[in-house]
Amino acid sequence: MFGLMVRELGGERKNQKKKPKKVKAHNGRRSFQQPLAMFRVRGFLGRLLLLARRLVRSIHVQYVEVDLEVGTGDPAETGLIFGVIAPSVALATFGFTPNIRIQPNFVENTLEGYARVAVRVYPIMLLPPLVAFVLSPATLRGF
């Protein structure tokens with residue numbers, strides 16, 4: 001392990017006494033437990049999910065165009081990959097009409113494609129969800 005782990009081979013010496021372990025001071029560093037404690041506050045996770053949902057609503061997809069050709073050289077593997085990709089494309093196109101075309105190539109090992117997406121984000125629409133999240137009682141209890 002490149003000097004990170006040291007292990008002595010052989011048995012313990014009977015004459016040698018065990019030294020007490022030294023406790024290291026934290027030196028002002030914060031552990032990961034403090035930020036994770038916020039997630040245990042009642043209502044905080046729900047407010048966080050609500051914030052994510054409101055932020056996603058402020059993003060507007062205007063245009064999607066995808067042209068993709070997928071092939072592994074093995075028809076069985078290509079069929080498995082295409083079997084995963086095709087339903088996910090059907091779910092992704094729910095609610096708007098994008099131009100998505102994905103073709104399997106059962107003969108050659110290939111991954112070729114073209115993608116173009118136009119997304120519009122209104123920064124002013126991001127402020128109300130962020131302010132509501134920061135000033136919510138669950139977030140204030142977490143801080």
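All values below were derived from every heavy atom in this structure, side-chain atoms included, with hydrogens, water molecules and symmetry-related copies excluded. Note that the numbering runs from 1 along the sequence shown for the chain.
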* Is there a path of hydrophobic side-chain contacts, each under 4.5 Å between heavy atoms of I, L, V, M, F, W or Y residues, that connects Ile100 with Tyr63? -> no
* Should Asn105 and Glu108 count as side-chain neighbours, where that means a heavy-atom distance under 4.5 Å? -> yes
* Go through the structure and list residues passing salt bridge (charged side-chain N to carboxylate O under 4.0 Å, His left out) with Arg101, not counting sequence neighbours. => Asp67
* Are the side chains of Val70 and Leu68 in touch, meaning some heavy atoms are under 4.5 Å apart? -> yes
* To do: Give a yes or no answer on whether the side chain of Thr78 reaches the backbone of Thr72 with a donor-acceptor pair at less than 3.5 Å.
  => yes
* To do: Kindly give the heavy-atom pair with the smallest separation between Gly73 and Pro75, and that separation in Å.
  => O-CD, 3.8 Å
* Check the hydrophobic clustering (I, L, V, M, F, W, Y; side-chain heavy atoms under 4.5 Å; chains of links allowed) and say if Leu140 and Phe44 are grouped together. => no
Under 3.5 Å, which donor-acceptor pairs do the side chains of residues 114-137 form with other protein atoms, sequence neighbours left out?
unit_1, atom_1, unit_2, atom_2, d
Ser136, OG, Phe133, O, 2.9
Ser136, OG, Thr139, N, 3.3
Ser136, OG, Thr139, OG1, 2.8

* **same_hphob_cluster(Phe82, Phe106) at 4.5 Å side-chain heavy-atom cutoff** => no
* To do: Look up atom CZ in Arg54 and atom CD1 in Ile59, then write down how far apart they are to the nearest 0.5 Å.
  => 15.0 Å
